Amino acid sequence: MRFSRTFIPTTKETPNDAVLKSHILLIRGGYISSVASGLYNFLPLGKIALDKIRAIVKEELDKAGCVEVDLSFVTPSELWEESGRLGKFGAELLKFRDRKENLFVLGPTHEEMMVNLVRNQITSYKQLPQNLYQIKTKFRDEARPRFGLMRGREFLMKDGYSFHETEEDMKREFELMEKTYSKIFSRLKLDFRVVDADSGAIGGSGSKEFHVLADSGEDTLVVCDSCDYGANIETAKRAEPEAPETVPEFEGDLRFHTPNLKSIEELSRFFRVEPYFLLKAVVKKAIFEDREEIVVFFLRGSDELEETKAVGTVGALELLDATEKEISEAGLIAGFIGNRNLEISHYFDNSLKGAKHLISGANEIDYHLIGTEVESGNFADLVLVKEGDRCSCGGNLSYKKGIEVGHIFQLGTKYSESMNANFLNREGKSTPFVMGTYGIGVSRILAGIVEQSGDELGIVLPESVAPYKFNILVSNSKNGEQMRFGEKIYEDLRSCGEDVILDDRKDRFGAKIKDAELIGFPYTIIVGKSLSDGEVEIFHRAEQRKEKISVLDLESRLENL
RNA sequence: CGGGGUGUAGCUCAGUAUGGUUAGAGUACUUGGUUUGGGACCAAGGGGCCGAAGGUUCGAGUCCUUUCACCCCGACCA
């Protein structure tokens, strides 16, 4: 490609509506342009890069035995009613009617469509397993699109769905997909982590996310420094912390006057007791589909509540902070809440199983109980894992920020049951498919790569993704000798099948090299004034290094890049 | 959906507290000339419904009302 003939609108200024590095650089580099909130055009460079990522995804999936399809983007609302997700997905679904007043949905994900495709077509265990995927535009009417390609409304996603005879076979495929995804992200030269994830409302026994590590990531990951444990903070586990050495000797629910002492800190100081031995009560209002309820979560005073875990524990749609009014209406006294004689729903964190020598609220104003115990109740993992907590391997846990680029899911029979998608098993019995579902955010990967490797000069892309591996920069395009030599390398590389672009624009050297740095061509061959001495330079973008080389050695040097 | 901010040339922004020539700069663009290794210089040009609608006024980019769009923080995010 000749630079002068393609369309690469680079800008010197950073666009006023971009904040994130990847967003700024992709726009400045002429990869994308914005259309409306959460909507982007892919310009020639962006399109090529996206296609290259897409090709890698496809290649690895096909190797793993997956089969590509392409389902219609516009999906009939009936399918969504059938699965029960029309209301649940809510405002994120972009709905509209056709001229006959039929309701349609722009696909945000395609479980329904895919189940609909295979049901009544795959009818026997002999046709299983099957793993179908597509790489296709999705649309989610996000409440707040942001960060450019990172969280757009329209985006390119690979979504795959597998169908199995048994749970075991689905798990086998799940593991295969984990390996396949890891290969894909490795080929894309991403620094990524596979972590345990919250299965969420969708259910299922296992879910893993693939995160590109980057400070700008929206998710917090808990990772171990000595084993390969990693988890989204929403589901992260830790080894039980060791109890402090000084154990308070209180026993037997002694009522103690504690006027106005409400916070963990105040109580800890007053009683000279580690927060570990205080019973912390967190009051929330749980919202269910048909009702609301005040719920109390008990933790050790040294711990904090992880809300996603709490939501899962009570099976609520969401948890809101309870207001003072709601707390007192529920018969609770803020600051003095304890587990004794507590009428309303409450849950204990697992770390409180069999806990003794505790100090808790007495459910009575200005009184606490000392030496109380937790004997029985509903226990669950509720705790927010903190940096510095111990991993079960003994290592140290710390936080990292991640950009979610992949998510694999053991779905089970949720959709096949609700949508009546069955097959005949070996016993001749009609059975719902056991399903897995696997997603990759293809356009988000492009943002993730730039986020992770972009530097102060601009974009840095791995060769596997870069639109052009070689950029031939003719320093002075009016200089016949330079231009002829540039043309020659250009033709040579092209005939070798390399992705190469010839910067034949009439700009000066400074402007062209700035663009080369911004766009991030892996190698820029600078044909300049030293050509008369028989030399050119190769600029290595990632290392920001210039290499002088004799024109005689150029060909063999380029072959080895 | 709550809170905040911004809309003026392709892009980045002045101008708006206090209304008043023909609305500015930089950059980008066109033409001519000089220049040619780190976003050149000189000269001459083209480019604006001042987000939209309504209002106040002799007069509105500027004041008032309504509205739309975009961005940020939060809520939300299979």
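Here the structure is a predicted model, which is why all the values come from computation and not from measurement. Atom set for the values below is all heavy atoms of this structure, side chains included, hydrogens, waters and symmetry mates excluded.
- C68(B) and A25(B): their C1' atoms are spaced 29 Å apart (whole Å).
- R28(A) places its CZ atom 12 Å from the C1' atom of C11(B), with the value rounded to the nearest Å.
- In a base pair of the Watson-Crick type (N1 to N3 plus N6-O4 or O6-N4) or a G-U wobble (N1-O2 and O6-N3), with each distance short of 3.5 Å, U21(B) is matched with no nucleotide.
- G46(B) sits 15 Å from U31(B) when the P atoms are compared, rounded to a whole Å.
- The distance between the ring centers of Y40(A) and H23(A) falls below 6.0 angstrom.
- The base of C71(B) lies outside donor-acceptor range of the side chain of R146(A), with no N or O pair under 3.5 Å.
- Remark: side-chain polar atoms of K21(A) are paired, donor with acceptor, to backbone N or O of E451(A) under 3.5 angstrom.
- Within the model, atoms CG of L319(A) and CD of E307(A) stand 5.5 Å from one another, a figure rounded to the nearest 0.5 Å.
- For E517(A) against G39(B), no side-chain N or O and base N or O form a donor-acceptor pair under 3.5 Å.
- Here U6(B) sits opposite A69(B) as a Watson-Crick or G-U wobble pair (both hydrogen-bonding atom distances under 3.5 Å).
- In this structure, CG in D169(A) is found 5.5 Å from NE2 in H164(A), a value given to the nearest 0.5 Å.
- Two residues, P145(A) and H407(A), neighbour RNA chain B, and the one matched to the more 5' nucleotide by heavy-atom proximity is P145(A).
- As rounded to the nearest Å, G48(B) and U8(B) have C1' atoms that lie 8 Å from one another.
- As rounded to the nearest Å, A53(B) and C13(B) have C1' atoms that lie 27 Å from one another.
- Taking atom CG on L320(A) and atom C1' on C1(B), their separation rounds to 13 Å, with Å as the unit.
- For Y438(A) and Y133(A), the ring centers sit 6.0 Å or farther from each other.
- Following rounding to the nearest Å, E142(A) (CD) and C71(B) (P) show an atom-to-atom distance of 13 Å.
- The distance between atom CG of L531(A) and atom P of G37(B), rounded to the nearest whole Å, is 13 Å.
- Cation-pi geometry between R85(A) and F89(A) is not satisfied (NZ or CZ under 6.0 Å from the ring centre, within 45° of the ring normal).
- Of the candidate nucleotides U36(B), C70(B), G39(B), C70(B) has the atom nearest to the side chain of A36(A).
- Distance noted for atom C1' between C72(B) and U27(B): 26 Å (whole Å).
- The partner of C41(B) is G33(B), by the rule that a Watson-Crick or G-U pair needs both atom distances under 3.5 Å.
- Side-chain atoms of R144(A) come within donor-acceptor range of the base of G74(B), with a qualifying N/O pair under 3.5 Å.
- Atom P of nucleotide G74(B) and atom CZ of R151(A) are separated by 12 Å, given to the nearest angstrom.
- Nucleotide G47(B) forms no Watson-Crick or G-U wobble pair with any nucleotide shown, as no partner meets the under 3.5 Å limit on both distances.
- Straight-line distance between the C1' atoms of G5(B) and C77(B): roughly 24 Å, to the nearest whole Å.
- Contact annotation: T437(A) does not reach the phosphate of A78(B) (side-chain N/O to OP1 or OP2, under 4.0 Å).
- Among the nucleotides U36(B), G39(B), C70(B), the one closest to any side-chain atom of D17(A) is C70(B).
- When the P atom of G39(B) is taken as reference, atom CD1 of I8(A) falls 21 Å away, rounded to whole Å.
- Nearest to the side chain of E92(A), among C77(B), G39(B), U12(B), sits C77(B).
- For C76(B), there is no paired nucleotide, since no Watson-Crick or G-U wobble pair has both relevant distances below 3.5 Å.
- Glycosidic conformation of A23(B): anti, with the torsion beyond 90° of 0.
- Ring geometry for H407(A) against F409(A) counts as tilted: the plane angle lies between 30° and 60°, on a 0 to 90° scale.
- For I27(A) and C11(B), the CD1 to P distance is 12 Å, given to the nearest whole Å.
- We find the OH-CZ distance between Y415(A) and R119(A) to be 14.0 Å, quoted to the nearest 0.5 Å.
- Spacing between A44(B) and G55(B) at atom C1', rounded to whole Å, works out to 44 Å.
- Contact annotation for D515(A): base contact, defined as any heavy-atom pair under 4.0 Å involving a base atom.
- In the set G37(B), U35(B), A78(B), U35(B) carries the atom at the smallest distance from any side-chain atom of K478(A).
- Both distances falling under 3.5 Å, in either a Watson-Crick or a G-U wobble arrangement, place G26(B) opposite C11(B).
- Distances were taken from every side-chain heavy atom of M157(A) (C-beta onward) to each of A78(B), G38(B), G37(B); the shortest belongs to A78(B).
- Judged by distance alone, with hydrogens and angles left aside, K548(A) brings no side-chain donor or acceptor close enough to the base of G37(B) to form a pair under 3.5 Å.
- If you take CD1 of I24(A) and C1' of U12(B), they are 13 Å apart, rounded to a whole angstrom.
- In this structure, of C76(B), U35(B), A78(B), it is C76(B) that holds the atom nearest to the side chain of A143(A).
- When each of C71(B), A40(B), U12(B) is scored by its nearest atom to the side-chain atoms of R508(A), the top-ranked nucleotide is A40(B).
- For F147(A), counting side-chain heavy atoms from C-beta on, the closest listed nucleotide (G26(B), G37(B), C72(B)) is C72(B).
- Of the residues near RNA chain B, E535(A) and V19(A), the one whose nearest nucleotide (by heavy atom distance) lies more toward the 5' end is E535(A).
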